[in-house]
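Everything below concerns the one structure shown next.
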Amino acid sequence: MRAGIGYDAHKLVEGRDLILGGVKIPFERGLLGHSDADVLIHSICDALLGAAGEGDLGKHFPDSDPKFKGISSLLLLKNVKELLGQKGYEVSNMDMTVVCQRPKLSPYIDEMVQNISRAVETPLAFVNIKATTTEGMGFTGSEEGIASYCIAMIRQV
């Protein structure tokens, strides 16, 4: 078993869709980034890549590469899963926390879990997502951005 931790944060801006866990969430702002800026998926990718000793998301999918402009982060996650497979690993467990003041994410968590489970080809029970606020403190509390943390376990197959 190997463990990795991932973190990502993006600024909320006008004129972008809010995508978290591959789900388009109705909200007046979205996250700024080169891809779809899905902080949840980005934290998962970093955790999985870290567990495998493969660096981070930017190493494999640099924001300077135009082919990743606007790409769905679920596609990036599928590529990370393939890389893990090539190295002889599969996902054992993932636990994530998304930090934002608004919007409320509970109505969307089941769909996020399903999207992530499909992307990494692991049972739903191995994917856990929580959402929390910072009670108005910091950049997430003031609604300047959204952050996500992930811890992931992988095992050799």
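Start at 1 with the first residue, then count along the sequence.
Atom CD1 of I151 and atom CG of L48 lie 11.5 Å apart (nearest 0.5 Å). Here the CG-CZ distance, from L77 to R118, works out to 12.0 Å after rounding to the nearest 0.5 Å. Note: M94 CE to I154 CD1 = 11.5 Å, rounded to the nearest 0.5 Å. Atom CG of D46 and atom CG of D56 lie 5.0 Å apart (nearest 0.5 Å). A distance of 9.0 Å separates NE2 in H10 from CZ in R16, rounded to the nearest 0.5 Å. To the nearest 0.5 Å, atom CD1 of residue I146 and atom CG of residue D8 are 11.0 Å apart.
With sequence neighbours excluded, the residues forming a ring pair (Phe, Tyr, Trp, His ring centres under 6.0 Å) with Y149 are Y7, listed by chain and number. Listed by chain and number, the residues in a salt bridge (Lys or Arg N to Asp or Glu O under 4.0 Å) with E14 amount to none (sequence neighbours excluded). With sequence neighbours excluded, the residues forming a side-chain contact (heavy atoms from CB on, under 4.5 Å) with K104 are T133, listed by chain and number. For K11, the salt bridge (Lys or Arg N to Asp or Glu O under 4.0 Å) test picks out no residue, with sequence neighbours left out. For E121, the salt bridge (Lys or Arg N to Asp or Glu O under 4.0 Å) partners are K81, not counting sequence neighbours.
At least one side-chain heavy atom of N79 sits under 4.5 Å from a side-chain heavy atom of F61. Residues S148 and T97 have side chains not in contact (no heavy-atom distance under 4.5 Å, counting atoms from C-beta outward). A heavy-atom distance below 4.5 Å is found between the side chains of M1 and S92.
Checked by atom type, the side-chain pair H42/S73 shows a donor-acceptor distance below 3.5 Å. Judged purely by distance below 3.5 Å, without hydrogens or angles, the side chains of S117 and T122 never pair a donor atom with an acceptor atom.
Put simply, F126 and L124 are part of two different groups of oily side chains (I, L, V, M, F, W, Y) that touch within less than 4.5 Å, one to the next. M153 and I116 fall into different hydrophobic clusters, where Ile, Leu, Val, Met, Phe, Trp and Tyr side chains are chained together by heavy-atom contacts under 4.5 Å. No path of Ile, Leu, Val, Met, Phe, Trp and Tyr side chains, each step under 4.5 Å between heavy atoms, connects I41 with V99, placing them in separate hydrophobic clusters. Cluster annotation: I109 and I19 are assigned to distinct hydrophobic clusters (Ile/Leu/Val/Met/Phe/Trp/Tyr, side-chain heavy-atom contacts under 4.5 Å, transitive). F139 and L20 fall into different hydrophobic clusters, where Ile, Leu, Val, Met, Phe, Trp and Tyr are joined by side-chain heavy atoms under 4.5 Å apart, directly or via other members.
Of all heavy-atom pairs spanning G21 and N115, the tightest one is O-ND2, 3.0 Å.
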Between L31 and D38, is the side-chain contact (heavy atoms from CB on, under 4.5 Å) condition met? List the steps. CA-CA 7 Å; L31 294 168; D38 187 330; over 6 Å; no
Should L83 and L49 be marked as a side-chain contact (heavy atoms from CB on, under 4.5 Å) after you check the CA-CA gap, both sets of side-chain angles, and the distance that decides it? CA-CA 9 Å; L83 174 69; L49 289 166; 3.5 Å; yes
Set out, in order, the CA-CA distance, both residues' side-chain angles and the distance that settles side-chain contact (heavy atoms from CB on, under 4.5 Å) for L40 and M96, then state yes or no. CA-CA 8 Å; L40 175 56; M96 291 76 70; 3.6 Å; yes
May I have the step-by-step check of side-chain contact (heavy atoms from CB on, under 4.5 Å) for F68 and L76, ending in yes or no? CA-CA 9 Å; F68 301 122; L76 302 180; 4.1 Å; yes
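Evaluated for a side-chain contact (heavy atoms from CB on, under 4.5 Å) with Y89, the options E54, R155, Q156 yield exactly one hit, Q156.
Within the 3.5 Å criterion, the main-chain N or O of A51 finds a donor-acceptor partner in the side chain of R2. The backbone N or O of G70 lies less than 3.5 Å from no partner atom in the side chain of D36, so there is not a single donor-acceptor pair.
Among residue pairs with one or both ends in residues 58-72, none qualify as side chain to side chain donor-acceptor pair (under 3.5 Å); sequence neighbours excluded.
The pair R102-E28 meets the salt-bridge criterion, since a charged nitrogen lies less than 4.0 angstrom from a carboxylate oxygen.
Atom NZ of K24 has 12 or fewer neighbouring heavy atoms from other residues, nucleotides or ligands inside a 6.0 Å radius.
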